[in-house]
Amino acid sequence: MSCANCSQSITDALEALDGVSEATINFATDEGSVEYDPGAVSLREIYDAIDEAGYHAESATASIGIADMTCANCADTNEEALESVPGVIDAEANYATDEAQVEFNPADVSRSALYDTVEKAGYTPIRDDDGAEESDQERRDAARQAEIDKQLRLTLFGAVLSAPFLLFLADRFLLGGSVFPETVFGLEFEWIGFLLATPVQLVLGRPFYVNSYKAIVKNGRANMDVLIALGSSTAYVYSVAVLLGQVAGETYFDTAALILVFITLGNYLEARSKGQAGDALRKLLEMEAETATVVDADGTEREVPLEDVDVGDRMKVRPGEKIPTDGVVVDGQSAVDESMVTGESVPVETEEGDEVVGSTINENGVLVVEATKVGSDTALQQIVRTVKEAQSRQPEIQNIADRISAYFVPAVIANALFWGTVWFLFPEALAGFVDQVPLWGQVAGGPAPAGGSVSVFEFAIVVFASAVLIACPCALGLATPAATMVGTAIGAQNGVLFKGGDVLERAKDVDTVVFDKTGTLTEGEMELTDVVVFDADDQPVPDGGAAAADSDTPAIRDRLTEDDVLGLAAAAESGSEHPLARAIVEGAEERGIDVVDPDEFENVPGHGVRATVDGGEVLVGNRKLLRDNGVDPAPAAETMERLEKEGKTAMLVAYEGALAGVVADADTVKASAEEAVAALRERGIDVMMITGDNERTARAVAERVGIDPENVRAEVLPEDKSSAVEAIQAEGREAMMVGDGVNDAPALAVAHVGTAIGSGTDVAIEAADVTLMRDDPVDVVKAIRISDATLQKIKQNLVWALGYNTTLIPLASLGLLQPVLAAAAMAFSSVSVLSNSLLFRRYVPDHDYELLGFLR
């Protein structure tokens, strides 16, 4: 806010919202208070209203590790709990990564309050304790490893006690009961089953019962643990009732125990797979140097821990060592391996003045690097933070899975109760409908393959347990986040950073890619190529000679040489930071011309500059700039056209109200630009170019890289680029804007997908949805390929997840599936989804992903 009008603008914008009763904004303190009805308007809407008014309300983001989440419903519970905290703007919990990303107002919310909220919801937050030696990531890794170890111990404990059941079942069903006697040590088989199954029920079942209690009593919603607890306890309690003579029938202690063993085994494999899916980020973090050799002002060298390096410290990096932090080379030259950041396998030649990235490897020469970014500000830490935030922002397709999961558990319980009741009330009618029910016996007596007959009540219990167990939505909840986690990691390994899973989903739908020209398709390093002098008769002077003197009109312009014209242009442009201006100044200095400072300077955006040099007015820019200032550019038309057809950017120079000459710069087209355009067009994507350059120069560059001339938007002013992109999208296109400069930021923000070349400015990167760590336009193709491949993988996972339920729920409801087999299938469904996602880690985005292409 810059004045009281700003505060009033924000006040008006907020009070226009339904539900806001009063807004008080203070320009002097840069703060405001809003009184509102949270039932009518959300804090998110209030923040958005401030942004739309052209201002920015401060917010903070916290990443919270959460243990004990067992399904997508657990993630939903945490999201709802966190979003209920006053001051929280948005919360997204991810079951696959065991994390929640929370955006909040730092004036109202503390991290401890967020931790307490997670605990009250019945889950375990991984607290970021101040002063602890371990990093946040190390604590989360330790918590995940502890969970893996815990699940392994439980699985082994249950497996040892349940192994005899497998032998008993094999003897009973395969060998007709001829191996094991009816009593062992004087105990009947049923009592042995009770003694083996009870410890399993108490130890392995306890987490499911505790979590079920928290889900239903504390949070008022059922989750996966409720289904497992229902299925296992139903089999166990029924068996105890049979054992005590309360009901007639067989015992199912083996089923009760094996259900828990199979599901705990599935949890162990799932926890391991989650850890493997996050390996890419951990490997990146492990690449950080642990120490740095700091060179003091007196030349003394000392080795210090990485966390003790400050901005401005100078560090010596020997061959083979890692560059400790981001910095700039102040002495030496070498080749630096940046593959871990950019995915580029060829080392980058580096010398004095070049920027280097922390954790990259110095290949040969000795470098002295001055630290410019340390700690959490380094590129590596920003990459990790971006990827983790991307993993928390799920694609729109996840919302479908979430909606299904939200209603799935109650629907499954209702279905199980319905079919259990129907089988109890109408067994004969259903038995006649199903040819063989069940596979291990028949309802209401009759011959049985091996296990005898079962009662109607007993069979209804079996159907209920099977229908409950087979329908767990774990796999459905893992389908999207598991693939998204791997897809964003693949992107990071290849120098492509997606801001969110929603961006990862949108990128594949792009049908038009709009490239900025300078610095994106071209190197952005302009060089002075031509200087043309015009004489008093507005004719170009041949061979760079001086204009002929006219004794009757001894004007200064008659005596200008190439050096004079270039010197005037350089002096005028010396106040500008534009690449074209820098090329003119550098070209003049290389020719030994003394570039003087202008007396006055004015930048005319999109047209050129106006300056006063040695008392005379100098104009350097395009035709419109000269016409607007009363100078006719027509005499230079032929020269301008010739230079522009050569792909050069030609600029007119006027002095004291008359045409003095033309200077031209040229930019080198990137070697891979043509390859990138060809690859995009091969995918059926239209490629367009937008630039502030004139039409002829723009078309010349477009022709060289393979862009159709009709797809060129030239002479677009910086402030009009976003309007140009909006106009393109108004035609029904899904456009990806690719740019690198500050003036590209608005266009990146309005595009369907904004992509910033990594060599660009921080402003462009901040506004973009995708950041390319290299300045290679081919990486645009990689971004689209990764998006397409990830969405294919998500769809494959959904087929796996839904396939189990749609196939096996009817079988369980009709009594054709034993509970123990239902539990095994349920556990395998989650493991199969995670395994399918882990296989995706091998994908290299140098080609399209075509496995199961029919799921595109």
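- The main-chain N or O of Met485 is found under 3.5 Å from a side-chain atom of Thr488 such that the two form a donor-acceptor pair.
- Ser162 approaches Val200 most closely through the heavy-atom pair OG-CG2, 4.1 Å.
- Below 30°, between 30° and 60°, or above 60°: for Phe840 and Tyr843 the angle between ring planes is below 30°, a parallel geometry.
- Aromatic ring orientation, Phe253 versus Tyr236: perpendicular (interplanar angle above 60°, classes split at 30° and 60°).
- Side-chain contact check for Leu114 versus Pro125: every heavy-atom pair is 4.5 Å or farther apart.
- Under the 4.5 Å side-chain criterion, counting only non-hydrogen atoms from C-beta, Trp423 is not in contact with Phe464.
- Between Arg111 and Asp116 there is no salt bridge, since none of the side-chain N atoms of the basic residue sits less than 4.0 Å from a carboxylate O of the acidic one.
- Remark: the Glu103 side chain and the Thr61 side chain contain no N/O donor-acceptor pair separated by less than 3.5 Å.
- Asn415 is listed as a side-chain neighbour of Ile809, based on a closest heavy-atom distance under 4.5 Å.
- Thr421 is linked by a side-chain hydrogen bond (donor to acceptor under 3.5 Å, both in side chains) to nothing, counting only residues two or more places apart in sequence or in another chain.
- For the pair Ala256 and Ser232, the tightest heavy-atom approach, listed with the atom from each and the gap, is O-OG, 3.3 Å.
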When you look at Gln201 and Tyr209, which way does the side-chain hydrogen bond (donor to acceptor under 3.5 Å, both in side chains) test go after all the steps?
CA-CA 10 Å; Gln201 197 72 26; Tyr209 295 129; 2.3 Å; yes
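- Residues Asp90 and Glu92 are in side-chain contact: their nearest non-hydrogen atoms beyond the backbone lie under 4.5 Å apart.
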Check against side-chain hydrogen bond (donor to acceptor under 3.5 Å, both in side chains), Gln796 and Gln792
CA-CA 6 Å; Gln796 292 170 27; Gln792 286 190 61; 4.8 Å; no
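- Taking each heavy atom of Ala75 and Ala93 in turn, the nearest pair found is O-CB, 3.4 Å.
- Between atom CZ of residue Arg206 and atom CG of residue Asn211 there is a gap of 9.5 Å, rounded to the nearest 0.5 Å.
- Considering only heavy atoms from C-beta on, Ile66 stays 4.5 Å or farther from Asp98 through its side chain.
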Decide side-chain contact (heavy atoms from CB on, under 4.5 Å) for Leu260 and Leu154; before the verdict, give the C-alpha distance in whole Å, the side-chain angles of both, and the deciding distance to 0.1 Å.
CA-CA 10 Å; Leu260 293 175; Leu154 291 173; over 6 Å; no
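- When all heavy atoms are compared, the tightest approach of Phe104 to Ala62 is CE2-CB, 3.6 Å.
- The heavy-atom pair separating Ala483 from Asn797 by the smallest distance is CB-ND2, 3.8 Å.
- Summarising the geometry, atom CD belonging to Gln151 is positioned 11.5 Å from atom CG belonging to Leu156; distances are rounded to the nearest 0.5 Å.
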